[in-house]
Amino acid sequence: MLSSQISYQIIRSSRKTMSLEIKADVVRAPLRLSEAKIQKFVEEKQEWILKNLEKIQKRDAQKENVQKLSALERQHLQNKACVVIPRRVAYYAEKLGVSYGKITLRQQKTRWGSCSSKGNLNFNCLLMLAPPEVLDYVVVHELCHRKQMNHSKAFWLEVEKVLPDYKEARKWLKDNGWRLMEEGF
């Protein structure tokens, strides 16, 4: 499809809402939604799409200058994470009054952390490259899912109780996290 200057692919599924995937030029839409409504949606989001495409292009140009970690450096990060992250989890779990299951540390390409419904926590070892307040933000974020398994207002209030300035760490991760991911892979 072409909406003025934006081409995109439509992927239909049994979803109820539409979403955009900037990098893949994809619009995900409900099965029965008309192409006219999809095109109107894309046109309404055109400014946002173009802004984000420009951001991605700048990022892609900067990726060439990112120094990749060696296998030894990645192993060192993994070892460091095995010590640091469980300590931070224990510290913040006590502050929040929550329990948790198993902690798994991985070298992931797209996620910083996750919390399963059973309370198992996963963290990306590349967090060791981030400032300590960013690591703490990800730890608190995942532990708050032990109270709220969503990203509702109540969830963010839980995060804010422990880290009143969490938005700064969240913004740092949004602005700089891609660079850490590039270093690791």
Side-chain angles (χ1 to χ4, degrees), residues 1-69 77 106-115 122-142 144-145 148-160 162-185:
M1 287 306 269
L2 189 60
S3 175
S4 25
Q5 60 197 123
I6 299 173
S7 63
Y8 56 91
Q9 173 189 2
I10 300 171
I11 298 177
R12 295 179 183 276
S13 64
S14 59
R15 61 186 297 132
K16 293 181 181 178
T17 60
M18 277 191 281
S19 71
L20 298 168
E21 289 180 32
I22 299 295
K23 193 128 178 130
D25 302 328
V26 168
V27 175
R28 296 192 179 274
L31 290 169
R32 299 182 198 275
L33 196 66
S34 72
E35 289 197 21
K37 285 187 178 178
I38 294 170
Q39 186 167 348
K40 184 176 187 282
F41 175 75
V42 172
E43 287 170 358
E44 288 171 356
K45 301 292 183 186
Q46 186 167 319
E47 189 177 316
W48 179 85
I49 292 167
L50 293 172
K51 184 180 90 177
N52 281 283
L53 283 171
E54 185 178 324
K55 200 184 290 186
I56 288 169
Q57 288 169 348
K58 284 180 185 175
R59 215 179 260 179
D60 287 346
Q62 291 175 330
K63 284 180 181 180
E64 296 170 15
N65 300 325
V66 175
Q67 186 80 29
K68 303 281 187 191
L69 296 173
L77 276 182
R106 296 189 177 111
Q107 294 177 13
Q108 297 168 289
K109 292 184 179 185
T110 58
R111 286 186 152 200
W112 294 111
S114 64
C115 176
N122 296 301
F123 294 99
N124 192 325
C125 296
L126 295 174
L127 285 167
M128 295 293 88
L129 299 171
E133 59 274 14
V134 173
L135 168 62
D136 286 350
Y137 160 69
V138 175
V139 168
V140 168
H141 181 113
E142 298 313 331
C144 283
H145 282 309
Q148 298 282 332
M149 273 305 268
N150 54 48
H151 289 113
S152 64
K153 186 172 182 166
F155 168 83
W156 292 110
L157 288 172
E158 292 292 341
V159 174
E160 192 171 33
V162 180
L163 297 175
D165 58 349
Y166 79 90
K167 289 178 183 173
E168 292 171 27
R170 186 176 180 206
K171 183 178 181 339
W172 187 96
L173 203 52
K174 185 176 182 178
D175 293 345
N176 301 288
W178 68 270
R179 197 173 274 114
L180 303 185
M181 293 285 189
E182 281 298 309
E183 283 182 43
F185 295 98

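- Closest approach of Thr17 to Pro30, counting heavy atoms only: O-CD, 3.8 Å.
- Side-chain contact between Asn176 and Val134 is absent, with no heavy atoms from C-beta onward closer than 4.5 Å.
- For Glu43 and Gln39, the side-chain atoms include at least one donor-acceptor pair closer than 3.5 Å.
- In this structure, NE2 on His141 lies 9.5 Å from OG on Ser114, to the nearest 0.5 angstrom.
- Of all non-hydrogen atoms in Ala169 and Tyr137, the two that sit nearest each other are CB-CB, 3.6 Å.
- Here the closest non-hydrogen pair linking Phe155 and Gln148 is CD1-O, 3.6 Å.
- One N or O on the side chain of Glu142 and one on the backbone of Cys115 form a donor-acceptor pair closer than 3.5 Å.
- Nearest approach of Val139 to Phe123, heavy atoms of both residues: CA-CE2, 3.8 Å.
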Begin with the C-alpha distance, continue with both residues' side-chain angles, and end with the deciding distance and a verdict on side-chain contact (heavy atoms from CB on, under 4.5 Å) for Met128 and Leu135. CA-CA 7 Å; Met128 295 293 88; Leu135 168 62; 3.5 Å; yes
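- Put simply, the side chain of Glu182 reaches to within 4.5 Å of the side chain of Lys68, judged on heavy atoms.
- Annotation: the span from Arg106 atom CZ to Asn122 atom CG amounts to 4.5 Å, rounded to 0.5 Å.
- Residue pairs that meet the salt bridge (charged side-chain N to carboxylate O under 4.0 Å, His left out) test with at least one member in residues 125-137, sequence neighbours left out, are Arg88-Asp136.
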Walk me through it: do Tyr166 and Val140 pass the test side-chain contact (heavy atoms from CB on, under 4.5 Å)? CA-CA 9 Å; Tyr166 79 90; Val140 168; over 6 Å; no
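- Nearest heavy atom pair, residue Asn124 against residue Gln108, reads ND2-O, 2.9 Å.
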Check step by step if side-chain contact (heavy atoms from CB on, under 4.5 Å) holds for Leu163 and Arg170. CA-CA 11 Å; Leu163 297 175; Arg170 186 176 180 206; over 6 Å; no
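- The distance from the NZ atom of Lys55 to the CG atom of Asp175 is 7.0 Å, given to the nearest 0.5 Å.
- Rounded to the nearest 0.5 Å, atoms CD (Glu47) and CG (Asn52) are 11.0 Å apart.
- Of all the heavy atoms in Asn150 and His145, the pair that sits closest is O-CE1, 3.1 Å.
- A salt bridge links Glu44 with Lys40: the distance from a Lys NZ or Arg NE/NH1/NH2 to an Asp or Glu carboxylate oxygen falls below 4.0 Å.
- The 12-atom threshold is not exceeded at CZ of Arg111, counting heavy atoms of other residues, nucleotides or ligands nearer than 6.0 Å.
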